[in-house]
Amino acid sequence: MAEEKKQIPLRLSSKLYNAIAAWAEDDFRSVNGQIEYLLTECVKQRKKTGKYVSETIDEEIELDI
């Protein structure tokens, strides 16, 4: 039996959305699929090491694309 997926509203800046959309296209995924993939990888990393992917995860980043 397939796991039920939850729908959540998500607001992204247009720069972040465009970066994820380009990455998704490179990986032959939908934007939604790419976001799910990235979140899954972060959760795996957190479970594995007890740490977030980056020590600076809460710092605002400049998307210079």
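Residue numbers run from 1 in the order of the sequence given. All heavy atoms count here, side chains included; hydrogens, waters and symmetry mates do not.
Taken to the nearest 0.5 Å, the CD1 atom of Ile35 stands 8.5 Å off from the CD1 atom of Ile8. Interatomic distance, Ile20 CD1 to Leu12 CG, rounded to the nearest 0.5 Å: 5.5 Å.
Counting heavy atoms from C-beta outward, Val43 and Leu39 have side chains that stay 4.5 Å or more apart.
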Identify each donor-acceptor pair in which a side-chain atom of residues 23-32 lies under 3.5 Å from a protein atom, sequence neighbours left out, and give them as a table.
residue, atom, partner, partner atom, Å
Trp23, NE1, Asp27, OD2, 3.2
Asp27, OD2, Arg29, NH1, 3.1
Asp27, OD2, Gln34, NE2, 3.3
Arg29, NH1, Gln34, OE1, 3.1
Ser30, OG, Gly33, N, 2.9

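Every side chain to side chain donor-acceptor pair (under 3.5 Å) that Lys5 has, sequence neighbours left out, goes to Glu36.
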